[in-house]
Amino acid sequence: MTAAWTIDAVRGSLAAKKVSAQELAADFYKRIGERNSELNAYLTLSEERAYRQAARMDALVAAGKPLPSLAGVPIAIKDVISTRGVRTTCGSKILENYVPPYDATAVERLEAAGAVILGKTNCDEFAMGSSNENSAYGAVRNPEATDRVPGGSSGGSAAAVAAGLAVASLGTDTGGSIRQPGSFCGIPAMMGSYGRVSRYGLIAFASSLDRIGPFATNTRDVAAILGVIAGRDSNDSTSTTAPVPDYRAAMEKPVKGLVVGIPKEYFAEGMDDGVRKKIEAGIELLKKLGCELREIQMAHTDYAIATYYIIATAEASSNLARYDGVRYGLRVEDDSLLAMYRKTRGAGFGAEVKRRIVLGTYVLSAGYYNAYYLKGQKVRALIAQDFRDAFRKVDVLVTPTSPVPPFRLGERTNDPLQMYLADIYTVTGSLAGVPGISVPCGKICGKLPVGLQIFGPAFGEATVLQLAHAFEQAGGGSL
Ligand code: GLN
C-alpha cells in the first residue's frame, strides 16, 4: 500500500504546515490517475468541489484557526449517496446522468467537519450484490488480489481505501455491503445500529435495512468518521435521538473480562477451511486479551437469507417504482405511457435489479402477501429476538464476516443463489438492526484477506469498537 495516511497524520501534517490540503488532494488525484483504470473503484471525481474545500482548510491553517476533526481528510463516497452537483448513478444506467440537487446528511456532516470529498465510488447496481459485478459501469478489482472481486455492494469504497486512493470512505450496508467488502479488501468497515446514521440522501434500496457507514485503514479512523456522521437528523424520522458517545475515547477501554459470545450456528458446514482457521486463531487471540468466551445458540440463523431476500426485495420493488422515466434519469420515449415505462425500465435496469423487482412484487402481491412478506416479518422478529436474548448473556458476538475468502471475478456471476449465500453471516445483524464491524483477521496464504465480524447490542457501537480496536492493536490483522 502507498504511504498510509491516517486522519491524525493528515491533521497533524496540515497543522505543522508540512503539507497543504490542496497538495494532499492533488497527491490523491495523482494516485487515482495511476491506479483507477485498473481497479475501476471511482466512477466520478469531484475535483472542483474537493479543491474548493481543501482551499478552505488551507485558509484556516494560514489564519491560525482551529482545525475541525476531519480537516483536509480525503474521503470517497459510494455512488448511492447523494452529492449536490456531483453525478450520482447508483451503479445504474437509469441514473447515468443524474445530478442530485442536495447532499446526503452524512456527506454534509463530513464536509462540515473539514473532509475533502474526492469522488464517487463504484458499486453494485442500487447496492444489490456481493461482488460489485452488478455495476452497469464494470466490475471493481480487489487491490489485494487483482484477479478477485473486492466484495459488494460497496466494492469501490473498500477498494479505494485498501489501495490508498482515499483515507476513508462511506459505504452502505443493507445485508452485508459494508462488512463483506471490508473483509475481502482487508480493512476495517462498520455499520452502526439502524437509526444511528441518517439515511437522508441515501438512495433507497430497502429502507428498513439500509445504513451508511465508514471504511478506513484502522479502527480509530472508523470511530472518528462514525462519530461525525452519527446522530439525530430531523430529515430522517428513523434516525435516533440517542446521544453520540465519544467513540474514540470509549474504544480505548481495556477488554479484559468482556464476555464474547460465539454463536455455533455460524461455524457450521459451508465455511472455507482457510477462513475457519483464521477465525479460530482470532478467537484464541481474544482469549489471550482476557475476554471470556461463551458458546451460545441463535436458533433462527438458518432462516436469515430467505427472510432477507423476501423483505429486501419487497422494499426494493416499491422503492424502485419511482424510476419511471418521468421524474428521474433515463427516459426512453414511446407512443403510449405504458410503453414508455416499459422501455425505460427495460433499458435502464440490469438483470439483478429486474430479478429483485419481480421477486419483490410477487411476495407483496395479493394472495401471497401473508405467505411470504408477512411470514418474513415474523421470522425477522424472531431473529431480532435471538440477538436480544444473546445480549442478555454476552457483551458482544464474534463470527466470521464471510464464509469464503474473496473469489475470482466471474466465478459466481451465473449463480445468484451462490452469490446470495456470501451474505449468510452478515444479513442476520442487518435484520436485527444491531451494529457490526468487520476487522482484518489475517490472510489466507498471505494473500486473501479474512475478516472477523463483531456484533453488539443496538446502540452498543462503543463496545463493538472497543473490541475491534483491542483486536487490531494485538495484531489480529496479521494472524
Ligand atoms: N449482498 C446483499 C444483497 O445483494 C447485500 C447488499 C447490501 O448490503 N446492499 O442484497
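Both ligands and their constituent atoms are indexed starting at 1 by order of listing. Any value given below was found using the heavy atoms of this structure, including those in side chains, with hydrogens, waters and symmetry copies removed.
Counting protein heavy atoms only, atom 5 (C) of ligand 1 is closest to Y308 OH, 3.2 Å. When hydrogens are left out, the protein atom nearest atom 4 (O) of ligand 1 is R356 NH2, 2.7 Å; that is the closest non-hydrogen contact. Ranking protein heavy atoms by distance to atom 7 (C) of ligand 1, first place goes to S177 OG, 2.4 Å.
Within the cation-pi definition used here (under 6.0 Å to the ring centroid, within 45° of the axis), R87 qualifies as a partner of Y137.
Taking a cut-off of under 4.0 Å to the non-hydrogen atoms of S153, the atoms of ligand 1 that pass are 9 (N). Remark: ligand 1 atoms within the under-4.0 Å shell around heavy atoms of Y309 are 2 (C), 3 (C), 4 (O), 10 (O). Heavy-atom proximity to S130, at under 4.0 Å, picks out these atoms of ligand 1: 1 (N).
In summary, the side chains of Q180 and S438 do not present any donor paired with an acceptor at a separation below 3.5 Å, with no hydrogens or angles considered.
The shortest N or O to N or O distance between G152 and ligand 1 is not under 3.5 Å. Distances between N or O atoms of A127 and those of ligand 1 include at least one value under 3.5 Å. The shortest N/O to N/O separation between T172 and ligand 1 does not fall below 3.5 Å. For a threshold of 3.5 Å applied to N or O pairs, the pair formed by K78 and ligand 1 contains no separation below that value. Close N/O approach between G129 and ligand 1 is found [any backbone or side-chain N/O within under 3.5 Å].
Proximity of Y420 to ligand 1 is not established, as no heavy-atom distance is less than 4.0 Å. Using a non-hydrogen distance threshold of 4.0 Å, G176 registers as a contact of ligand 1.
Contacts of D423 with ligand 1, taken as heavy-atom pairs under 4.0 Å, involve the side chain alone.
For D395 (side chain) and L258 (main-chain N/O), no donor-acceptor pair under 3.5 Å exists by modelled atom type. The backbone N or O of A139 sits less than 3.5 Å from a side-chain atom of N40, completing a donor-acceptor pair.
Note on R408 versus D147: salt bridge recorded, some NZ/NE/NH1/NH2 to OD/OE distance being below 4.0 Å. Electrostatic pairing of R412 and D415 does not count as a salt bridge here, judged by no charged N lying under 4.0 Å from a carboxylate O. Contact check on K277 versus E280 returns no salt bridge, with no Lys/Arg side-chain nitrogen under 4.0 Å from an Asp/Glu carboxylate oxygen.
Each of P243, P245, S193 was scored for a side-chain contact (heavy atoms from CB on, under 4.5 Å) with F459, with one residue passing: S193.
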Side-chain donor-acceptor pairs of residues 318-325 under 3.5 Å, sequence neighbours excluded:
unit_1: N319; atom_1: OD1; unit_2: R322; atom_2: NH2; d: 3.2
unit_1: N319; atom_1: ND2; unit_2: F205; atom_2: O; d: 3.0
unit_1: N319; atom_1: ND2; unit_2: S207; atom_2: OG; d: 3.0
unit_1: N319; atom_1: ND2; unit_2: E315; atom_2: O; d: 3.4
unit_1: R322; atom_1: NE; unit_2: N319; atom_2: O; d: 3.0
unit_1: D324; atom_1: OD1; unit_2: V326; atom_2: N; d: 2.9
unit_1: D324; atom_1: OD1; unit_2: R327; atom_2: N; d: 3.3
unit_1: D324; atom_1: OD2; unit_2: R327; atom_2: NH2; d: 3.1

